[in-house]
Chemist: 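First, the structure itself, so that you have it in front of you.
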Amino acid sequence: MVEIRWELQGFAAGEAACPADLPGTGWVPATVPGSLAASPAVVERYGEQALADADHRVWWWRGSFDLAAPLDAARLVVDRLATHADVYLDGSRVLRSDNAFRRHVVDLGALAAGPHAVGIRLASWDETATPRTPRARWRSALVPDATIRWRRTPILGRIPIWVGALPPVGVLGAARVETRPALEIASCRTRLDDSGRGTVDVELRCDGPREVTVQAAGEVARAVAEQTAHGAWLATVRLAPAAPATWWPHTHGEPILHELLVHSPGVESLRRRIGFSRITARRDDGRFGLVVGGVDVFVRGVVWAHTDPRGWTADPQAVARDLDALVAAGLNLVRVPGTGTYADEVLRELAAERGLLVWQDAMLATVDPPEDEGWLAELEAELRDQLTAWQGWPHLAVVCGGTETEQQPTLMGLPADRRRMTALHELLPRLAAELVPGAVHVTSSPSGGPRPVSIAHGVSHYFGVGAYLRPLEDARTAQVSFASEALAFATPPETSSMTDAPAERGAGSPWRDAAPHDRGTTWDFVDVTDHYVAAVADAERIAEDVTDTGSWEDLQRAAATAAITETFAAWRSGLTPTAGGIVLAHRDLAPGPGWGLLDASGAAKAPLLALRDVLAPVALLLVDRGLDGLLLEAVNDQPAEATGSLLVAAQDRAGNTVLDAETTLTVPPHGRATVEVEELLGGFRDLGWAWRFGEEPGYACVSARWRTGGGDVRATRALVPLAPRRPEPDVTAQAITRYGVVRVTVTAPDRPVVGVHATAPGWIADTGWWPLAAGDSRDLHLRPPDVAGEAARLPAYVTVSTLTGPSVTVPVEGRPHTH
């Protein structure tokens with residue numbers, strides 16, 4: 001591979017039409033791959049406004065390289081040119097591309113020794129007219145530019161109401177010159193027959209027979225590629241009669257991958273990883289759920305947000321950190337939405353390693369996809385590129401026709417015949433069946449009911465708890481089938497991540513403007529979160545804290561946490577038919593109160609810290625059924641039995657344990673068991689005060705601890721809203737460091753507390769924002785941020801906070817004390 005040195009320059013629309021028009025000066029260094037903002041010199045030269053309006057300028061990338069010797073059979077590989085591109089080699093055009101999702105390979109023939117130049121001109125959208133007819137059947141509610149329906153490019157960065165992303169303009173993937181290899185893997189498919197025996201089909205680009213080897217669980221199977229009638233070379237490797245170890249989502253088993261080796265005398269062997277799985281859909285009664293290896297999988301997922309929405313780069317370390325945080329919280333699926341770009345090699349491989357299923361949308365969102373033959377042919381070429389890249393991977397769970405592609409016309413009142421789209425209803429299902437038959441096909445998100453927006457059928461976008469301000473119990477009573485997008489709350493980052501936050505964070509500030517909102521509305525998602533503050537705090541507490549920004553942000557964190565965790569507890573329990581939920585979104589696009597479970601820096605926010613209790617593979621769920629009382633449900637997603645002693649206790653506001661009981665609880669593999677809490681505690685007690693016996697609630701919290709062989713499993717539920725903050729601390733704490741991690745032990749000595757969390761400037765907690773019963777202790781851990789080239793400095797102090805009393809500050813490695 002030849003190293004190319006890149007530089008860049010911008011021009012007005014219509015200028016610099018070919019390499020001969022380019023000036024010799026005015027160039028700045030450029031980063032490839034990446035969009036304009038990936039290059040600091042470009043940001044400095046042109047400024048933020050020019051980058052925001054980048055679609056309406058001409059941009060030239062100029063690359064130079066030197067060959068010490070002639071290069072035979074050279075080729076140019078360029079991946080994801082955004083958007084309207086002409087590519088030149090030594091002044092001659094070699095490629096025209098109008099699709100930001102395509103990977104192009106251009107044969108160049110022989111290149112002489114010496115200097116060479118690559119030029120890439122990205123045209124202004126003002127130069128690239130789109131058809132005016134036929135008119136779209138509907139207009140997008142997200143993107144004001146109606147021409148984007150004709151352009152194959154991301155809409156992220158072009159949605160005015162989503163702050164933080166810039167339009168992708170640049171070379172988003174590879175851009176290199178290389179010798180055409182003598183051996184390439186064109187496609188690779190893995191499959192399991194009915195008996196579980198594995199087969200691998202490998203199609204090669206080569207000039208003769210080659211040996212293909214698959215290593216699986218210590219076994220080696222080989223086959224020699226044979227030429228097909230179409231001139232390709234195909235090897236079919238059948239593994240030993242014993243079934244190969246299969247890939248599982250990490251919540252349900254081990255994500256096992258195997259090595260595929262392609263040997264060829266005289267050339268470098270090829271190596272990649274593959275896996276085996278059997279993923280199907282359960283669609284009983286019009287509902288939807290995913291089944292892996294014959295086991296119903298409760299999906300707890302996130303909508304993936306680009307880790308670099310300004311520069312559009314893919315840093316493997318940043319992606320790995322984000323995925324690790326999601327896995328630690330018990331999430332098991334990532335949905336790549338139709339608003340951005342397809343999962344790249346980095347995301348595919350890292351998700352497979354970590355046991356995360358992937359739901360892949362086609363890059364279609366809210367717009368009317370044209371019925372034009374040329375446009376559809378380009379979409380087909382794009383989908384063939386992208387779906388072929390998924391072959392051999394075991395974790396592609398769903399291939400979907402895009403984001404709100406059917407919802408948009410449905411909510412505008414169009415009849416079913418006008419909602420039929422060739423791209424969604426004919427092209428994508430045909431290609432999915434041909435190229436990735438092991439994945440489940442979903443028409444679009446949402447879809448599947450008598451109307452595509454049905455909540456109780458197919459897959460839905462559920463914002464009853466959320467934007468539609470329904471009470472928390474709506475998640476239980478709505479009978480949601482499968483929420484492919486849900487639970488969008490604007491949540492402030494943790495205080496340890498807000499060291500650079502501006503003092504002004506109210507309405508009209510840049511910080512508040514980062515909160516997502518719907519187009520044309522007078523409210524944003526901070527208002528949604530504020531609505532749910534009443535679910536965790538009483539009116540007196542709200543009145544007390546409304547002028548205190550820090551305290552109010554704590555209440556916002558607690559409100560979003562309660563809404564998301566209680567919804568998932570209800571959905572995961574046997575009280576609902578819900579087979580999964582996917583949170584919008586995984587990460588904030590900009591600093592501020594965004595949708596993300598991670599903030600813009602990649603640090604976990606309050607809901608994610610608390611979710612691990614509800615979403616762990618083995619978990620206890622405490623669900624309030626109103627007049628039917630509390631239900632405790634133990635769920636076990638693991639392939640081994642979970643058993644142990646279960647202790648349940650109820651406390652009053654003073655912290656007295658007034659009811660308690662102990663029993664043995666056993667849950668089979670991939671099973672569940674329920675416990676009627678009041679019956680275990682001796683009979684009817686109106687724990688949740690639903691019957692309104694007495695002048696005020698008699699119980700403040702219920703706690704459960706299940707002592708299994710794999711460790712203690714906990715669930716604690718506060719039964720009354722927050723009282724006004726007390727003047728004295730209500731917890732004690734101790735912080736001890738070991739191996740660069742700070743372990744914080746928190747104890748509630750006298751009374752139940754809620755919203756327990758720990759912070760140290762810049763350090764990242766692994767859990768928090770949970771309630772704690774009186775007399776209970778619990779550990780959490782703080783880990784250092786990633787600091788390149790130096791060890792993270794140990795914090796001198798850790799601050800432990802609750803929503804009911806002042807903070808406690810303790811020295812690290814010191815004896816606990818309170819302030």
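Numbering starts at 1 and runs along the sequence shown.
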Chemist: Please determine whether a side-chain nitrogen of the Lys or Arg among R335 and D361 lies less than 4.0 Å from a carboxylate oxygen of the Asp or Glu.
Modeler: yes
Chemist: Mind running ring pair (Phe, Tyr, Trp, His ring centres under 6.0 Å) on F525 and W595 for me, showing each step along the way?
Modeler: CA-CA 8 Å; F525 277 81; W595 279 331; 5.3 Å; yes
Chemist: Do we see a donor-acceptor contact under 3.5 Å between the side chains of D637 and T251?
Modeler: no
Chemist: For E373, look at atom CD and say whether over 12 heavy atoms of other residues, nucleotides or ligands are found less than 6.0 Å away.
Modeler: no
Chemist: So does A85 get a backbone contact from the side chain of S97, meaning a donor-acceptor N/O pair under 3.5 Å?
Modeler: no
Chemist: Please determine if R103 and E382 form a salt bridge, counting it only when a charged side-chain N lies under 4.0 Å from a carboxylate O.
Modeler: no
Chemist: Would you check if there is a donor-acceptor pair between the side chains of E406 and H425 at a distance under 3.5 Å?
Modeler: yes
Chemist: Have T529 and Q556 got a donor and an acceptor in their side chains that come within less than 3.5 Å?
Modeler: no
Chemist: Run the side chain to side chain contact (heavy atoms under 4.5 Å, CB included) check on H56 and E127 step by step: do they pass?
Modeler: CA-CA 9 Å; H56 302 286; E127 303 173 355; over 6 Å; no
Chemist: Would you please classify the geometry between the W359 ring and the F288 ring as parallel, tilted or perpendicular, with 30° and 60° separating the classes?
Modeler: perpendicular
Chemist: Does the pair R512/D527 count as a salt bridge with the N-to-O cut at 4.0 Å?
Modeler: yes
Chemist: State whether K605 and D588 are salt-bridged, where the test is any N-O pair (Lys NZ or Arg NE/NH1/NH2 against Asp/Glu carboxylate O) under 4.0 Å.
Modeler: yes
Chemist: Would you find more than 12 non-hydrogen atoms of other residues, nucleotides or ligands less than 6.0 Å from R470 atom CZ?
Modeler: no
Chemist: Salt bridge or not for E426 and R430, using N-O below 4.0 Å?
Modeler: no
Chemist: Measure from NZ or CZ of R310 to the centre of the six-membered ring of W312 and say whether it is under 6.0 Å with the direction within 45° of the ring axis.
Modeler: no
Chemist: I'd like to know if the side chain of D524 reaches the main chain of V526, judged simply by a donor and an acceptor atom lying under 3.5 Å from each other, with no hydrogens or angles considered.
Modeler: yes
Chemist: Can you tell me if R672 has over 12 outside heavy atoms packed within less than 6.0 Å of its CZ?
Modeler: yes
Chemist: Would you compute the distance between atom CG of L383 and atom CD of E434 and round it to the nearest 0.5 angstrom?
Modeler: 11.0 Å
Chemist: Is it the case that T83 and T153 place a side-chain donor and acceptor less than 3.5 Å from each other?
Modeler: yes
Chemist: Would I148 and I155 satisfy side chain to side chain contact (heavy atoms under 4.5 Å, CB included), going step by step from the backbone distance to the final call?
Modeler: CA-CA 8 Å; I148 204 166; I155 69 170; 3.6 Å; yes
Chemist: Salt bridge check, R102 against E378: does any charged N sit closer than 4.0 Å to a carboxylate O?
Modeler: yes
Chemist: Would you call E633 and R572 a salt bridge, using N to O less than 4.0 angstrom?
Modeler: no
Chemist: Verify whether one side chain among H461 and S445 offers a donor that lies under 3.5 Å from an acceptor in the other.
Modeler: yes
Chemist: Less than 4.0 Å between a side-chain N and a carboxylate O, is that true for R587 and D599?
Modeler: no
Chemist: Spell out, as yes or no, whether a donor-acceptor pair under 3.5 Å connects the side chain of S140 to the backbone of V143.
Modeler: yes
Chemist: Can we say D285 and R287 salt-bridge, meaning some charged N sits less than 4.0 Å from an Asp/Glu carboxylate O?
Modeler: no
Chemist: Answer yes or no for R151 and W125: cation-pi contact, defined as NZ/CZ to six-membered ring centre under 6.0 Å and angle to ring axis within 45°.
Modeler: yes
Chemist: Please report whether the ring centroid of W390 lies less than 6.0 Å from that of H395.
Modeler: yes
Chemist: With the threshold set at 4.0 Å, does a side-chain nitrogen-carboxylate oxygen contact exist between R476 and D474?
Modeler: no
